[in-house]
Every structure is written in C-alpha cells, then in structure tokens.
Amino acid sequence: MSFNTVSVIGLGYIGLPTAAMLASKNKKVIGVDINQNTVDTINSGNIHIVEPELDEIVKKAVEDGFLKATTTPEPADAFLIAVPTPFLSKKEESSIPKPDLTYIETAAKSVAKVLKKGDLVILESTSPVGATEQMSNWLAEERKDLTFPHTHGEDSDIRISYCPERVLPGHVVRELVENDRVIGGMTDRCSETSIKFYKTFVKGECLITNTNTAEMVKLTENSCRDMQIAFANELSIICNNFGIDVWELIKLANRHPRINILKPGPGVGGHCIAVDPWFLVESSNGEAKLIKTARERNLYKQNWTILQIESAINNWKDQKKLNPKVALFGLTFKPDIDDLRESPALDIAKFIASKYNNIICVEPNLSADTLSDEKINIVGVDQALEVSDIIVFLVAHESFKKICVDGLNVLDFCGVSKWK
Ligand code: SAJ
C-alpha cells in the first residue's frame, strides 16, 4: 500500500507536526479539525501553535499543495487520529479523574463516513487500555457494510492500530523522525500496514506489539517520569527541613554510576505527565498505589511551594512592618516554551496575586497581551529585579540563568540560580 492520500484528524500539538511531516514527504495530506480558525490559519500557510521549525514546514507544505486543512473528513488511504483525551469533569473533589473519550468517538464516527475497504486507521491519542478496540466498535457501528478487526481479525476490510506519540514539546520536528515507535496492531496485518505508513517519515525503529500493550506503554512512560519527578520533589521538601541544598545533593548523588535523579520544581505541569498517570490509576482496581501517590506528591509540591512563598512574605511583614514587593519569575509549565497548560507556576502566581498586594510576574516567552486574562501583573526582568524585595524563581528559563542573584532575597524552586 502506498498511502498516496493521508488524513490527520486533530491538528494540535501532535497532529499538525505529523501532517506537515507527511506532506514534506510528498504525501497528499488532508488535515481535519473542528476549529474553523485552526483550519483557516493552516490553509493560509501559518500555524496556531509554537513549535520550533514547524512554521517553515507547514508553509512549504501548503504552498506546494501537499497539505490542506478542512473541518470535514474526506476519503484517504490512511487516517491518523490525534485528538485530545481530557478528563471528564469530576463528580466530587476526592474522586479519581476519568478519561473522556468523546473526542475519539466523534473523530471515529466522522472518519467512518468516508472509510473504504483496505483503509488504515491509527489512533495516536493517549488513551486508557482498551480504547483502540472501543474505537473499532464505534467504526463498525457506523459502517455495517465493512468488516473490522475486532470481529473479523486478519480478514477484515479495515486495518486498525494504536501507535502512541512520544515527542517532547520544543523538539517535536526532530523527535517525530528520530524516535522509535511502538505499534500495536489489532492483527499482524494491521501492524505491518502501520509500519509501512510510519516508515514514510520515521527513521527510528518501529516495534510491534498488541494494542493493549501499546496503550499501556504510553501510560507507563509518562507515569514513570511522574514518579521520578515526585522522588525529586519529595527530596526537595526533606532537604528543606534539614537545611540541605537539594541541588547540591542531587548533583552529588548523580555521580553514582547507576543513579539519575531528575530535577525538583514547583509541581508537574503540561497536558501529559500531569494527566496520563490518572488513566492508569482510574482503571487499576486500586493496584496503582505508587503511581497514585506520586501524582498526589507532585500536586502537594505545588501547595508546599505556595506555603513557602507565603511564609517568606509574612516573615518580611513581621520584620519590616511593610508589605514586600514580590516578583515571580516564570509562568509556563516548563522552561523555554510558551505553553501554559496545567502550569503549576501559573496557578501559584494566580493564587499569590489574588491574596497579596505588590505581586508582579515575569514571563519572557509570552507577551503581556496573551496573559491579560490571568489577573496578574506582567513586567520585564530588569524592572522586576529593580523594584522587588523578594525574587521567586518558578521556571528555569535559560534567560533567567544569566541573572546575578548576589545580594538578592531569593526563593528558588527550580534551581535556576544553582543548576548551571
Ligand atoms: N519536570 C520536572 N523535573 C524534571 C523534568 C520535568 O519538574 O526533571 C516537570 C516540567 O517542568 C513540567 C513537567 O515535569 O512541568 C513535564 O515536563 P516533561 O519535559 O517531563 O514532559 P512533557 O510533558 O513536555 O512531555 C512528556 C514526554 N514524556 C516523557 O518524557 C516520558 C514526551 O516524550 C511525551 O510525548 C509527552 O509527555 C506526551 O505528549 O505524552
């Protein structure tokens, strides 16, 4: 199968770069998104997300006629579904968040309308175990005239696989090509067809497994990272109690040949690591105890950070009988990106700014306009350093590493003044 025409459903952080990459290999790519603005932006050769090098690739793909965006699926040889899998809104504060598969269901049902015998459907969205089989059911409900792998195995008309995305925001263009891929076909033929599809742009190895394992691999990777960060975050709290510099501690411990401790921070953010472990916890019948505890410890680290900032503000007030001016440096969910999704730094800043006067924030990766709805006061680095009594580092942006902190009253939750 040559996959002359390919359709990517969901033109977000994963779908758009993948669509652009396929188009750069001279595949005719139909990108589908429910958002008309997104579709219009892409069709004008521009992008609606920030990702290094992506703008040029999309511009060329659109100009050369290999990439077009639309709101309704059109026939293609392969369909790649990369839509969000958020949480369902929680019934009670204490209940475990459940994944919401509505976007996958809607995408599958819209693709079903244009499916034909021999087509390949790949799910890339992070999903709970069993979601691919569920998607096969949804497709079959819509198309009684076609056969699907969950009922007809190797003889089915349609091939279906799960292949999780694994790219790191900020490095997507390189990692899409270089990373190894895990491919969980519903049958061997589904896996083989999917490998042919990915080999049009992937240089990494394509490793075959079944759909359940492939779904679990994705959840495992992000849960593993969450647990490792939780360990670093817990160490930072213990060290604080002992008066030990956690950054020095980790540097020294990491000189052991088999130890590699990650970096503590003000909590864990983003749309993946802070979300995906719940998919495992929710479906594990209470057996995902370590994974759940890690998630809770990382959430606690955010509250602990707030308490530390409040304690510094109150100590200042007690000593000087004045409200201190406090500058919070960094708002994005991790260094050197412009993404605020699930950002602990932003939540901390909003909480502190709502409770105390004289709070200013610095975020060099975003314009003040972008942050105008957040009810926080944005200033530049120099102004913040000049007027503030307390400097709080929340995100280790590269540009903050140049700041000389000598003589300043600094709270550093991300090691920007230490981890050079
Ligand atoms: N963080 C720390 N300490 C660290 C590393 C990260 O506190 O040592 C924090 C970051 O500041 C951020 C959060 O963790 O708030 C997540 O950042 P990240 O860089 O670990 O991960 P993401 O969310 O940008 O991307 C992850 C990646 N997964 C893994 O590394 C296992 C990426 O490969 C996935 O494709 C992506 O999730 C995804 O889409 O699932």
Side-chain angles (χ1 to χ4, degrees), residues 1-12 14-16 18-19 21-22 27-34 70-85 101-165 181-202 206 208-215 218:
M1 183 172 229
S2 51
F3 307 111
N4 291 325
T5 306
V6 173
S7 184
V8 177
I9 319 294
L11 297 173
I14 301 302
L16 180 58
T18 310
M21 203 54 80
L22 284 158
K27 298 286 166 200
K28 188 179 166 224
V29 182
I30 302 159
V32 184
D33 201 284
I34 49 171
T70 164
T71 52
T72 353
E74 294 175 17
D77 305 318
F79 296 84
L80 192 150
I81 297 181
V83 294
T85 34
L101 301 190
T102 316
Y103 289 100
I104 298 181
E105 183 177 0
T106 309
K109 288 184 172 169
S110 67
V111 161
K113 293 188 176 67
V114 294
L115 274 185
K116 60 185 184 313
K117 193 172 173 174
D119 283 354
L120 170 69
V121 183
I122 298 174
L123 179 61
E124 278 208 8
S125 310
T126 302
S127 301
V129 174
T132 311
E133 176 125 14
Q134 173 65 68
M135 184 182 78
S136 185
N137 275 284
W138 281 322
L139 291 168
E141 275 169 25
E142 298 297 304
R143 290 298 298 269
K144 307 269 191 261
D145 57 321
L146 292 170
T147 57
F148 291 83
H150 66 283
T151 48
H152 287 71
E154 290 295 25
D155 298 329
S156 59
D157 293 333
I158 304 298
R159 331 246 179 274
I160 296 181
S161 297
Y162 181 74
C163 178
E165 60 82 12
R181 301 298 297 241
V182 174
I183 293 177
M186 286 187 75
T187 66
D188 290 346
R189 206 158 154 217
C190 298
S191 298
E192 282 154 23
T193 313
S194 303
I195 288 191
K196 283 191 194 125
F197 171 80
Y198 281 106
K199 278 297 168 193
T200 55
F201 67 97
V202 170
C206 292
I208 293 182
T209 182
N210 56 43
T211 48
N212 282 2
T213 309
E215 289 158 347
K218 174 68 190 180

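Side chains are part of it too, since the values below use all heavy atoms of this structure and drop only hydrogens, waters and symmetry mates.
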Listed by chain and number, what are the salt bridge (Lys or Arg N to Asp or Glu O under 4.0 Å) partners of Asp157, not counting sequence neighbours?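 Listed in chain order: Lys117.
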
Partners passing salt bridge (Lys or Arg N to Asp or Glu O under 4.0 Å) against Glu192 (at least two apart in sequence or in another chain):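 Residues passing salt bridge (Lys or Arg N to Asp or Glu O under 4.0 Å) with Glu192: none at all.
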
For Glu215 and Thr132, indicate whether the former's side chain and the latter's backbone hold a donor-acceptor pair under 3.5 Å.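 Looks like yes, one N/O pair under 3.5 Å.
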
Under 3.5 Å, side chain of Lys27 to main-chain N/O of Ser2, donor-acceptor pair present?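 Yes; judged by distance alone, with no hydrogens or angles, the pair exists.
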
Between [Y] and [X], is there a side-chain heavy-atom distance shorter than 4.5 Å?
| X | Y | value |
| --- | --- | --- |
| Phe79 | Val8 | no |
| Leu120 | Phe3 | yes |
| Asn4 | Asp77 | yes |
| Met186 | Tyr162 | no |
| Thr71 | Val32 | no |
| Thr70 | Ile30 | yes |
| Cys163 | Ser194 | no |
| Val121 | Arg159 | no |

Pairwise distance [atom1]([X]) to [atom2]([Y]) - rounded to 0.5 angstrom:
| X | Y | atom1 | atom2 | value |
| --- | --- | --- | --- | --- |
| Gln134 | Leu139 | CD | CG | 10.0 Å |
| Thr213 | Ile183 | OG1 | CD1 | 14.0 Å |
| Thr72 | Ile34 | OG1 | CD1 | 12.0 Å |
| Ile158 | Leu146 | CD1 | CG | 5.0 Å |
| Ser7 | Ile81 | OG | CD1 | 9.0 Å |
| Leu80 | Leu22 | CG | CG | 7.5 Å |

Would Ser191 and Asp188 count as having a side-chain donor-acceptor pair, cut-off 3.5 Å?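 Side chains of Ser191 and Asp188: no pair found under 3.5 Å.
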
Heavy-atom closest contact ([X] atom, [Y] atom, distance):
| X | Y | answer |
| --- | --- | --- |
| Ala214 | Pro164 | O-CG, 3.9 Å |
| Ala131 | Leu101 | CB-CD1, 4.2 Å |
| Glu74 | Val114 | O-CG2, 3.7 Å |
| Ser136 | Pro149 | OG-CD, 3.9 Å |
| Thr147 | Ser156 | OG1-CA, 3.3 Å |
| Pro75 | Thr5 | O-CG2, 3.9 Å |

Please work out whether the ring planes of His150 and Phe148 are parallel, tilted or perpendicular, with thresholds of 30° and 60°.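 Judged by the thresholds at 30° and 60°, the geometry between His150 and Phe148 is tilted.
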
Taking only residues two or more places apart in sequence, or in another chain, which ones meet Thr102 in a side chain to side chain contact (heavy atoms under 4.5 Å, CB included)?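 In terms of side chain to side chain contact (heavy atoms under 4.5 Å, CB included), with neighbours along the sequence ignored, Thr102 is linked to Asp100, Thr106.
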
Who are the side chain to side chain contact (heavy atoms under 4.5 Å, CB included) partners of Lys199, not counting sequence neighbours?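 Here the qualifying residues are Ile195, Cys206.
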
Show every side chain to side chain donor-acceptor pair (under 3.5 Å) that has at least one partner inside residues 118-128, sequence neighbours left out.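 Counting only pairs at least two positions apart or across chains, the side chain to side chain donor-acceptor pair (under 3.5 Å) contacts touching residues 118-128 are Lys116-Asp119, Glu124-Arg181, Glu124-Tyr198.
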
Neighbour count >12 (heavy atoms, 6.0 Å) for atom CZ, Phe201: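 Atom CZ in Phe201 is packed in, count exceeds 12.
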
More than 12 heavy atoms from other groups under 6.0 Å of NZ on Lys109: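 Yes, because the 6.0 Å sphere around NZ of Lys109 holds more than 12 heavy atoms from other groups.
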
Before giving the answer on side-chain contact (heavy atoms from CB on, under 4.5 Å), spell out for Val111 and Ile9 the whole-Å C-alpha distance, their side-chain angles and the decisive distance to 0.1 Å. CA-CA 8 Å; Val111 161; Ile9 319 294; 3.7 Å; yes

For Lys196, enumerate each residue passing the side-chain hydrogen bond (donor to acceptor under 3.5 Å, both in side chains) test, keeping only those at least two apart in sequence or located in another chain.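 side-chain hydrogen bond (donor to acceptor under 3.5 Å, both in side chains) check on Lys196 returns nothing, list empty.
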
